[in-house]
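Note on naming: letters A, B, ... go to the chains in the order of the sequence lines (proteins, then strands), and numbering restarts at 1 for each one.
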Number of protein chains: 2
Amino acid sequence: MKFEAVTIKDIARALGLSTSTVSRALRGSYEISADTKQLVLEYAEKMNYQPNPIAKSLKENRSWAIGVIVPEIANNFFSQTINGIDATAYKRGYHVVITQSHESVEREVANVHNLVARRVDGLLVSLSMQTSDIAHFKSLQERGLPIVFFDRISEDISTFKVKANNYKGAYLATRHLIETGCRRIAHLTTASCLSITRERLEGYKAALSDCHIDYHEDYVKYFNDQSDVEQVATDLISMPEKPDAIFSASDRLTTACIAAIQKAGLQVPDDIALVGFTNLHVAEFLNPALTAVTQPAYEMGQIATELLIKLIESKKPIDTFETRILDTTLVIRASSGKKSLPQLL
Amino acid sequence: MKFEAVTIKDIARALGLSTSTVSRALRGSYEISADTKQLVLEYAEKMNYQPNPIAKSLKENRSWAIGVIVPEIANNFFSQTINGIDATAYKRGYHVVITQSHESVEREVANVHNLVARRVDGLLVSLSMQTSDIAHFKSLQERGLPIVFFDRISEDISTFKVKANNYKGAYLATRHLIETGCRRIAHLTTASCLSITRERLEGYKAALSDCHIDYHEDYVKYFNDQSDVEQVATDLISMPEKPDAIFSASDRLTTACIAAIQKAGLQVPDDIALVGFTNLHVAEFLNPALTAVTQPAYEMGQIATELLIKLIESKKPIDTFETRILDTTLVIRASSGKKSLPQLL
DNA sequence: CTGAAAGCGCTAACAT
DNA sequence: ATGTTAGCGCTTTCAG
């Protein structure tokens with residue numbers, strides 16, 4: 001079960017040269033004669049020589065690997081970002097080692113250690129729902145490990161960050177619901193410590209405020225990984241002053257809402273309208289066709305990777321960091337169609 | 001921007017020992033005194049020593065990496081298999097390098113070369129739609145590289161394979177459609193050279209045959225990556241003897257069908273029933289709620305990885321290979337509800 | 001223009 | 001029980 005590969009030594013021996021000459025010839029060094037170069041290159045080609053990246057890594061003390069930590073691979077949004085990460089990394093000669101936190105801090109910390117032990121050249125991170133303290137990233141960053149955060153970022157650390165315009169997405173969604181006549185808009189959202197949660201909540205509040213609608217805490221529900229979303233959604237739509245719209249922050253929340261609404265026998269959008277953050281291709285074919293806030297997931301992966309590689313390859317320490325904010329889009333579909341209510345705006 | 005790690009040499013110097021003693025102490029060799037062991041272990045712990053896996057790989061001439069080639073990461077089924085691959089590989093001390101063929105043979109071949117150049121210890125492969133010739137895998141296998149195929153496998157090579165019971169899934173789906181009264185069942189499916197395409201077609205044919213329904217070529221449509229699915233679906237449901245059911249082999253095909261059906265103003269399942277292979281969590285919330293053939297994607301990834309590691313770690317060459325067939329399940333929903341037609345069965 | 005030798009971090013055969 | 005040494009594949013001084 002051995003897979004024998006041609007080495008520089010093999011070439012040197014076969015051609016009666018030294019390994020250093022072969023090495024130099026292969027990388028086109030100016031100090032090697034044209035004849036020797038050609039000889040080496042042709043032989044290497046013929047023997048299908050492939051430099052051993054492991055030896056190269058050991059020598060250079062870097063792995064040409066990028067470590068990625070995401071909450072979940074089997075999630076539409078993250079698999080799309082990974083797609084972008086992958087494409088960009090390969091183009092630049094890096095490979096990608098993907099790990100999942102499964103929304104647990106412990107696993108996030110374990111992954112960080114594992115990736116560092118594997119000597120990744122840098123880290124691309126989207127935080128878990130449980131992560132409030134990011135000491136495990138800070139200490140590494142201080143020791144010089146390049147880290148870029150994307151999507152679920154932290155304010156507590158200064159580095160490159162890439163995120164979607166969650167504020168705008170939430171604002172557009174909420175404003176749109178208001179404009180179609182909704183007044184009691186509930187917001188089901190992710191764990192309260194996440195950046196995306198805060199940003200979306202602010203967009204939601206701003207839209208309400210701009211339209212002179214009071215903000216009600218009772219209409220905002222936070223969910224962690226364990227929550228029984230459908231139960232909460234059911235309770236919500238059974239309230240005396242039940243909401244006439246739900247703005248939901250993830251696919252898991254949205255589907256639970258749909259289930260609860262269906263079971264309650266309510267009509268969308270007439271009894272209750274629905275808008276969700278989603279990157280699902282099938283949003284259009286859901287029942288009801290889902291009005292969606294979409295994020296440029298692929299691009300986010302691309303940009304985060306480019307920034308990380310910039311950090312990794314920079315000669316001098318970088319100390320001015322930007323946070324890139326990518327545009328979000330509202331796609332209006334049947335789940336939030338016009339109502340026959342008087343318009344305020 | 002350097003990330004300095006503690007090495008065995010550092011420990012040896014600090015403790016006034018030789019590197020080999022430290023190395024042996026760290027791996028608990030019996031020839032080291034308890035005192036020395038403890039000394040080394042404690043100091044290593046204190047300094048947070050992490051063995052350099054790159055050096056280990058160079059020494060052992062193996063990377064502890066598993067290469068994965070899938071058509072597409074941002075695809076429900078494959079991201080679920082990757083999840084399973086990942087979990088199993090990490091548990092066994094391997095990391096995973098994922099690449100995508102994007103349904104192109106050229107990219108598949110390029111990925112293989114890339115992964116081999118990176119010295120992966122083995123390969124986990126699901127073939128691209130364009131791949132009919134698998135010479136690029138055979139030659140590597142002959143040179144001793146462990147390869148396991150999953151989902152989209154090939155008959156032309158002898159090794160471990162893991163697949164879903166596509167025959168059964170297709171049989172159940174077709175039979176179910178027949179039992180609810182459908183007689184003209186179309187089958188939209190993937191590229192004709194894929195194993196999954198053949199197996200599903202056979203299951204489909206067998207169900208028709210068992211129920212004494214003639215097989216019509218016109219009702220079977222194959223699609224590659226480029227095809228205009230919606231156009232073909234539209235043509236299909238405009239046929240004079242238009243189908244009264246569609247059995248579709250992928251999400252992309254299913255959504256195109258739904259779109260075509262919606263545009264034509266047909267009712268599901270009364271005018272036309274629909275069953276699709278899908279691993280989408282939201283299948284239940286599609287319009288119509290989609291009757292689905294589901295595959296155990298996570299498990300498939302797990303099992304394929306276990307088999308690959310078995311191959312990699314086997315002392316003696318393995319020459320008897322099994323093909324693991326995982327069960328598929330039919331989940332009946334509204335898209336294939338009972339019709340008011342006379343029952344044949 | 002080319003070769004010899006050292007070293008990246010680790011392990012193991014070979015001393016002692 | 002511990003140290004010395006060589007070597008995995010490659011790059012890179014340093015010497016010719």
Kindly indicate, with the supporting measurements, whether the criterion salt bridge (Lys or Arg N to Asp or Glu O under 4.0 Å) is fulfilled by A:D151 and A:K163. CA-CA 4 Å; A:D151 185 46; A:K163 62 175 186 177; over 6 Å; no
For [X] and [N], what is the distance between atoms [atom1] and [atom2] respectively, to the nearest whole Å?
{"X": "A:Y30", "N": "C:dC1", "atom1": "OH", "atom2": "P", "answer": "11 Å"}
{"X": "A:D10", "N": "D:dC8", "atom1": "CG", "atom2": "C1'", "answer": "13 Å"}
{"X": "A:L39", "N": "C:dC1", "atom1": "CG", "atom2": "P", "answer": "15 Å"}
{"X": "A:I54", "N": "D:dT11", "atom1": "CD1", "atom2": "C1'", "answer": "17 Å"}
{"X": "A:L58", "N": "D:dT12", "atom1": "CG", "atom2": "P", "answer": "13 Å"}
{"X": "A:I8", "N": "C:dA5", "atom1": "CD1", "atom2": "P", "answer": "18 Å"}
{"X": "A:W64", "N": "D:dC10", "atom1": "CH2", "atom2": "P", "answer": "16 Å"}
{"X": "A:R13", "N": "C:dA4", "atom1": "CZ", "atom2": "P", "answer": "14 Å"}

Smallest heavy-atom separation, A:Q100 atom then A:I73 atom, equals OE1-N, 3.0 Å
In short, A:Q50 meets B:R119 closest at the heavy-atom pair O-NH2, 3.1 Å
Heavy-atom nearest nucleotide on DNA chain C taken for B:K59 and for B:E31; more 5' hit belongs to B:K59
DNA chain C nearest-nucleotide lookup for A:T21 and B:A55: closer to the 5′ end is A:T21
Give a yes or no answer on whether the side chain of A:T88 reaches the backbone of A:G301 with a donor-acceptor pair at less than 3.5 Å. no
inquiry  = Has A:E103 got a side-chain atom pairing as donor or acceptor with A:S128's backbone, closer than 3.5 angstrom?
reply    = no
Taking atom types as they are modelled, is there a donor-acceptor pair under 3.5 Å from the base of D:dG3 to the side chain of B:R24? yes
Does [X] make a side-chain N or O approach to OP1 or OP2 of [N] shorter than 4.0 Å?
{"X": "B:Y49", "N": "C:dC10", "answer": "yes"}
{"X": "A:K9", "N": "D:dC8", "answer": "yes"}
{"X": "B:T36", "N": "D:dA1", "answer": "no"}

Which nucleotide in the list [options] gets nearest to the side chain of [X]?
{"X": "A:S20", "options": "C:dA4, C:dG9, C:dG7", "value": "C:dA4"}
{"X": "A:S18", "options": "D:dT2, C:dG3, C:dG9", "value": "C:dG3"}
{"X": "A:S23", "options": "C:dC8, D:dT11, D:dT4", "value": "D:dT11"}
{"X": "B:S33", "options": "D:dT2, D:dG9, C:dT11", "value": "D:dT2"}

The answer to which of A:L26 and B:G16 contacts DNA chain D further toward the 5' end, by nearest nucleotide, is B:G16
